[in-house]
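This report concerns only the one structure given below.
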Amino acid sequence: MNRGSSEEFHTYTDKVIEQFRKPQNMGRIENPDGVGTVGNPVCGDMLRLFIKVKNGIIEDIKVETFGCVAAIATSSMTTQMAMGKTIEEAKTITRKMVADALDGLPPHKMHCSNLAAEALQKAIEDYERRAKGDKPANAQEP
Amino acid sequence: MAYLDNANSTRVDDRVIEAMLPYLREHYGTAGMELGHSRDVTAMRGLENARKILAQSINTEPLTIVFTSGQTESNNLAIRGAALANSDKGKHVITCATEVMSVLQTCKALEKEGFDVDVLDVDQYGLVDIAQLTKRIRSDTILVSIQHANGEIGTVQPIEEIAKITSQRGILFHTDATQSYLKIPIDTKTTPLDMITFDAHHIHGPKGIGALYIRKGTRLQRIMEGGDEERRLRPGVPDIPAAVGFGKAVEVWGGNEPAQLLALRKYLEQKLAGQLTELRSTGHPVKRLPNLYSMIVEQIEGESMLVQLDMEGFAVSTGSACSSKTLQGSHVLKAIGLPPEISHGSVRVSLSRFNTKQEIDAFVQALVPTVERLREFSPLRRGEYFAYESNSEDEHQDEKLDEV
Ligand code: FES
């Protein structure tokens, strides 16, 4: 059993804690233009990210996260980094950039930052697929 | 503010600290066997008095108690010591999946040394199945090690029944009673237990001191070489101040404490049930430690609850994979059949004599909004479980490796 969080707590930067306490853009978008869903098989966490795109620009973005403090903080940070960006700009967002924007993550938590960045890339792929007239990636999409 | 992680460790009682101080300041002899001077004699009296108190608490003679450095050492000494000393009779050992690491890893190490180990499964409540245990017993079984109560989910194993089975067959039975000690009485005269592990820091005593009860006539080999201290089973100068503190902790334990702990836990359970939905408890509903409540808060993850609660001054635990450095969830929650996305929501609350109803009220008041906030943005909120997308597994594994 993993006890008292203090050890973990102190290994998180202030920025991570700040994002965890007041995460931005959490939730879902009805009728999104793209959805990216990631499950983390390492520990069982899940994340779903929604984008709304207008004229090639991400005009709204939201995320639902089931995971640890780092997963919630990186989710929030990723959406803030992608909001208002062009699709091409958003494609360049990596987990390293997300982690750096949070002043780093504890080493064993680096994989969490991957969840949000990967969900963003998947949402973009889904958007591009739909733009081409293909089926949405998530057939059971809300 | 409240410390609700007493299954992890407890606050040392002031009476214990007071009892220990003279043994640090004045009676700092080593309680050597060859009595030299008065400091040694006083130190030895303190040590032997503590041994007597411990012995009385489980209805045995002082000679059967060996002081160790704690639960880990007691478990190592019991299992390895008994296996080595009895290997002429056989090399088969039985334990169960929800034991602590010092039991499971010692058994694993013995396996490498040529012993055969059977690890019993448990049911959804964490109970071992007596029929399964009986079936696994072989002619070369020498030792069974099954804990008294589990520290993560609180489930209490039927050690009386197990002891009956093992004693009839001449098999040694060791039980790790660290979590249950004093909370659930053990009587060595009525239950034929061969070895019992217990320690001080779960009962408001100091850390670094534990004991192993060894029934008279039990063949045991020491696992560390040195002098003749502690019945030649545990060489080295014992930590006398800590042993004295251990004795004091047992002495001041109140007979009505288990009932009080149970009442407080019931109060907590009722409050939680009234204020949170989609909550389930883990462990056996009735056969469980009086002071421990282990639950799954569905749809959200334990580490995030823990950190939020910690910021508000409440200390609890979780078995969620996310809160361990290896990202392995609790082996106990896995053993009772919970998949990671469920065991993620694990929260354990464990009480002590220092907790009050007011603290429970404040805790529930902090927990409820925490849960609501985290559920607000959980993708599992609408009961939509989605399958992992293909190919992500290998990617994640690789990435995890490069990060480490
Ligand atoms: S989400 Fe599981 S460790 Fe971060």
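This structure is a prediction, so every number in the text was calculated from the model and none was measured. The chains referred to below are lettered A, B, ... by the order of the sequence lines, with proteins before strands, and numbering in each begins at 1.
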Q: May I ask you to decide whether E64(A) forms a salt bridge with R375(B), counting only side-chain N to carboxylate O separations under 4.0 Å?
A: no
Q: Identify the heavy atoms of V307(B) and F20(A) that sit nearest to each other, and give their distance.
A: CG1-CE2, 4.1 Å
(Q) Less than 4.5 Å apart, side chain to side chain, heavy atoms only: is that true for R373(B) and P23(A)? (A) yes
Q: Check the pair S378(B), T65(A) against side-chain contact (heavy atoms from CB on, under 4.5 Å), reporting the backbone distance first and the verdict last.
A: CA-CA 5 Å; S378(B) 167; T65(A) 307; over 6 Å; no
Q: Please report the closest heavy-atom contact between Q299(B) and F66(A), naming both atoms and the distance.
A: O-CD1, 3.1 Å
Q.
Tell me whether K85(A) at atom NZ has more than 12 heavy atoms from other residues, nucleotides or ligands lying less than 6.0 Å away.
A. yes
Q) Heavy-atom count around Q365(B) CD within 6.0 Å, excluding the residue itself: above 12? A) no
Q: Return yes when atom NZ of K287(B) has more than 12 non-hydrogen atoms of other residues, nucleotides or ligands closer than 6.0 Å, and no otherwise.
A: no
(Q) Nearest 0.5 angstrom please: F377(B) CZ to N25(A) CG, how far? (A) 12.0 Å
(Q) Can you give me the closest heavy-atom contact between S304(B) and C68(A), atom names plus distance? (A) CB-C, 4.2 Å
Q. Does a side-chain heavy-atom distance below 4.5 Å link C322(B) with D45(A)?
A. yes
Q) Is any side-chain heavy atom of E341(B) less than 4.5 Å from a side-chain heavy atom of M46(A)? A) yes
Q: Measure the CD-CZ distance between Q308(B) and R21(A) for me, rounded to the nearest 0.5 Å.
A: 6.5 Å
Q: Check step by step if side-chain contact (heavy atoms from CB on, under 4.5 Å) holds for I72(A) and E301(B).
A: CA-CA 10 Å; I72(A) 292 168; E301(B) 191 280 320; over 6 Å; no
Q. Any donor and acceptor pair, going by atom type alone, linking the side chain of E303(B) with main-chain N or O of V69(A) inside 3.5 Å?
A. yes
